Amino acid sequence: MPELPEVETTVRGLRPVLEGARLTLVQPRRGDLRRPFPEDLGQRMTGARVTALGRRAKYGLIDTDRGDTMIFHLGMSGRWRVDPAELLPHDHLILETDTGRRLALNDPRRFGSVDLVRTDSVLAWPPFAATGPEPFDPGFTAAYLKDKLAGRIAPIKAMLLDQKVVAGLGNIYVCEALFIARISPKREAGRISLAKLEKLVAAIHEVLIAAIEAGGSTLRDYARPDGELGYFSKQFAVYGREGEPCAGCAGVVRRYADGGRSTFWCPSCQK
DNA sequence: CATACATCCTGTTCGC
DNA sequence: TGCGAACAGGATGTAT
């Protein structure tokens, strides 16, 4: 489930633990997640000092003073456990620092990934090369979307999930943003007016900011040894609320399966 | 190129 | 009560 807000919250939580620290141990505990760990991950990262942490799309970036960037993806079920008292099943990668901190990348479903690229080549890394603008990039505007979606007959929901259109959105926040903008997830993407796209851009900003703030407010919990990441779930207007009253009209939230994915929406007010 | 769909993975939830 | 089926879904590969 980690989408942009959860990855951003994770990066902000890792920053005070890792930034400036030297890595004394970088140890995979199995060979692979979604794909194999880089063979030289331990060799290249052990002894390096972490200089910065960042995020691109749904990936977290850990820069070192050796000119390497470790890129992690949390997949569906991934999270970093901070200072765990003991290692658990699915702790697939362990980091230790010269400041006495320990991190475990735990990912039961193993949809996540860890890659290692040269920092000066991060933007050319294949998964990033085709990735669209960040939602808060000044270039992500209604005009941009109008151009990008021109002629597209696919539903707007599918287009927003496409990382080449905009980076960082997943099923949950796409559903929420379309609800806020009162746009049906089934609407043909190329036939949405500029005015509606302006509402959509604003809705995406609104829902992401609220989710990041909700996550940020729970950083203290996240940092607990057995801590949980704070999610936005209690504030979802439509996601997971099939059959419940719509928060914005007299309608009822409905669900349909689209390519095996659930879409939640209010047919009464999303047109 | 655009679109649709299958695949990966495992803990949790649901129905019979 | 138990057990199998369904479900969660991001990235990627294949098919049309």
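Below, chains carry the letters A, B, ... as their sequence lines are ordered, and counting in each starts from 1. Just so we're clear, the structure is a prediction, and the values are computed from it rather than from any experiment.
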Check your understanding: Under 4.0 Å: is that the gap between some side-chain N or O of A:H90 and OP1 or OP2 of B:dG11?
Key -> yes
**Study point:** Presence of A:H73 side-chain N/O under 4.0 Å of C:dG10 phosphate oxygens OP1/OP2
**Key:** no
Exercise for review: Could I get the full list of side-chain hydrogen bond (donor to acceptor under 3.5 Å, both in side chains) partners for A:R110, not counting sequence neighbours?
Suggested key: A:D32
Review point. Can you find a side chain N or O atom of A:Q163 that sits less than 4.0 Å from OP1 or OP2 on C:dA11?
Key: yes
Review point. Is it true that A:I71 and A:L23 fall in one hydrophobic cluster, defined by side-chain heavy atoms closer than 4.5 Å?
Key: no
Review point. Tell me: NZ of A:K157 to P of B:dC5, nearest whole Å?
Key: 13 Å
Check your understanding: Nearest-Å distance, CZ (A:R30) to C1' (B:dC8)?
Key -> 12 Å
Review point. OP1 or OP2 of C:dA8 less than 4.0 angstrom from a side-chain nitrogen or oxygen of A:R255, does that happen here?
Key: yes
Review point. If you look at every strand shown and take non-hydrogen atoms under 4.0 Å, does A:L33 touch a base, only sugar-phosphate, or nothing?
Key: nothing
Check your understanding: Side chain of A:M76: nearest nucleotide among C:dA8, C:dA11, B:dC9?
Key -> C:dA8
Point to revise | Residue mapping more 5' on DNA chain B - nearest nucleotide basis, A:R152 or A:R110 | key: A:R152
Check your understanding: Can a donor-acceptor pair under 3.5 Å be found between the side-chain atoms of A:R109 and the base atoms of C:dG10?
Key -> no
Exercise for review: Kindly determine whether A:Y59 and A:F128 satisfy ring pair (Phe, Tyr, Trp, His ring centres under 6.0 Å), including the steps that lead there.
Suggested key: CA-CA 10 Å; A:Y59 294 86; A:F128 287 165; 5.2 Å; yes
Exercise for review: Check every strand shown and say whether A:R34 touches a base, only sugar-phosphate, or nothing at a heavy-atom separation below 4.0 Å.
Suggested key: base
Practice item. Using a heavy-atom cut-off of under 4.0 Å over every strand shown, decide if A:S77 touches base, sugar-phosphate, or nothing. Key: nothing
Check your understanding: For the pair made of CZ in A:R35 and C1' in B:dT7, what is the distance, rounded to whole Å?
Key -> 15 Å
**Study point:** Proximal nucleotide (of B:dA4, C:dA8, C:dT12) relative to the A:Y59 side chain
**Key:** C:dT12
Practice item. May I ask you to decide whether A:R29 forms a salt bridge with A:D91, counting only side-chain N to carboxylate O separations under 4.0 Å? Key: no
